[in-house]
Protein chains: 2
Amino acid sequence: MTDELGKSIFERSHCPIACALDYLGDKWSLLIIRDLLLGKKRYQEIMASPERIATNILADRLKKLEAAGLVIQQAYQQKPVRYEYILTKKGEDLRPVLEALVKWGKAYFPGTTVFKSHE
Amino acid sequence: MTDELGKSIFERSHCPIACALDYLGDKWSLLIIRDLLLGKKRYQEIMASPERIATNILADRLKKLEAAGLVIQQAYQQKPVRYEYILTKKGEDLRPVLEALVKWGKAYFPGTTVFKSHE
DNA sequence: AAAGTAACTTGCACTATACAAGCTATTATT
DNA sequence: AATAATAGCTTGTATAGTGCAAGTTACTTT
């Protein structure tokens, strides 16, 4: 099975977990998805999260998440053009994964709390 | 809040997802957990998985997972001493996270399948 | 005695991440 | 009119993580 560019979409194996981790297996991607699920939309809103993501990493991850079809860019103004980042259904559908992670994290890191959705 | 060595257990923030990703946010840790959940126990069994993890990475991750309290080593023979790796409850409790990831992966990478539990 | 096996470790090249600074186009302030 | 501020980046450099190959130790099997 190949994508439109002819390269296999099964980068490491035919396991759904391995394929998912090819896109999400790092310290930042799922935190960005978390922010977007919580209602954040703009670059500076994500930058303001307490984990202090470096700006080059955020720009890189947004590009990769867009290429992976989890996120789309939407201009909210021209002159100068500025973008909001919106989850696609594919991205939204990660909500149960994040919820399971939250449950586990709260059980084993007592004292942690999820931020409230901000709108 | 600090652990027994006095360093904060909240490495990046007080978010349960961020804390979880400090331990699991890479391309390999969750795949090792997957193997152990499927019933694999020994170094070579994990090495035999189709993703072809490099041996130095596997050794490193098993050490880190043990340090994080997700896995324990158990000798299954002496002379020479050989170990099996067993999930703790903390590790077992990641099952719902993996199940959610499998569901997502199967939906968006059609053609993927999870390996059967091998015992 | 030689080869094989399990569980690693070591060395080196390559890639990813972190931190700091700089850039571009525009709006707001003095 | 000049200066500062803001959003959304890019670039450069240093450190950390990953991948591949080979080597090590302590046995067991042929």
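Computed over heavy atoms, backbone and side chain alike; hydrogens, waters and symmetry mates excluded. Below, chain A is the first sequence line, B the second, and so on; all start at residue 1. Everything quoted here is computed from the prediction, not taken from an experiment.
- Remark: P of C:dA16 and CG of A:Asp60 are 8 Å apart, rounded to the nearest angstrom.
- Spacing between atom CD1 of A:Ile57 and atom C1' of D:dG8 amounts to 16 Å, rounded to whole angstrom units.
- Remark: C1' of C:dC12 and CG of B:Asn56 are 11 Å apart, rounded to the nearest angstrom.
- Side-chain nitrogen and oxygen atoms of B:Lys79 include none within less than 4.0 Å of the OP1 or OP2 phosphate oxygen of C:dA6.
- Within the structure, a side-chain polar atom (N or O) of A:Trp28 is placed less than 4.0 Å from OP1 or OP2 of C:dA18.
- By the criterion of side-chain heavy atoms lying less than 4.5 angstrom apart, applied directly or through intervening Ile, Leu, Val, Met, Phe, Trp or Tyr residues, B:Val81 is grouped together with B:Leu62 in one hydrophobic cluster.
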For the pair A:Leu70 and A:Leu24, evaluate side chain to side chain contact (heavy atoms under 4.5 Å, CB included) and give the outcome as yes or no after the intermediate values. CA-CA 10 Å; A:Leu70 301 176; A:Leu24 305 170; 3.9 Å; yes
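- Contact annotation for A:Lys64: no contact, since no heavy-atom pair falls under 4.0 Å across all strands.
- Within a 6.0 Å radius of NZ in A:Lys27, other residues, nucleotides and ligands contribute more than 12 heavy atoms.
- Checked by atom type, the side-chain pair A:Tyr85/A:Gln73 shows a donor-acceptor distance below 3.5 Å.
- The CG-P distance, from A:Asp26 to C:dT17, rounds to 6 Å in whole Å.
- Rounded to whole angstrom, the span from the NZ atom of A:Lys40 across to the P atom of D:dA7 amounts to 14 Å.
- Both A:Gly25 and A:Pro80 lie near DNA chain C, and the one whose nearest nucleotide falls closer to the 5' end is A:Gly25.
- For B:Arg82 and C:dA7, a side-chain-to-base donor-acceptor distance below 3.5 Å is absent, hydrogens and geometry of angles not being considered.
- B:Tyr43 has no side-chain polar atom (N or O) that falls below the 4.0 Å cut-off from OP1 or OP2 of C:dT9.
- Classified by interplanar angle (parallel below 30°, tilted 30° to 60°, perpendicular above 60°), the ring pair B:Trp104/B:Phe109 is perpendicular.
- At whole-Å resolution of the value, CD in A:Gln77 and P in D:dT6 are 15 Å apart.
- The 5' end of DNA chain D is approached more closely, in terms of each residue's nearest nucleotide, by B:Arg61 than by the other of B:Thr55 and B:Arg61.
- Taking atom OH of residue B:Tyr83 and atom P of nucleotide D:dC27, one finds them 12 Å apart after rounding to whole Å.
- Atoms CD (B:Glu84) and C1' (C:dA6) sit 13 Å apart, rounded to a whole Å.
- Checking the phosphate oxygens (OP1, OP2) of C:dC8, a side-chain nitrogen or oxygen of B:Tyr85 falls inside 4.0 Å.
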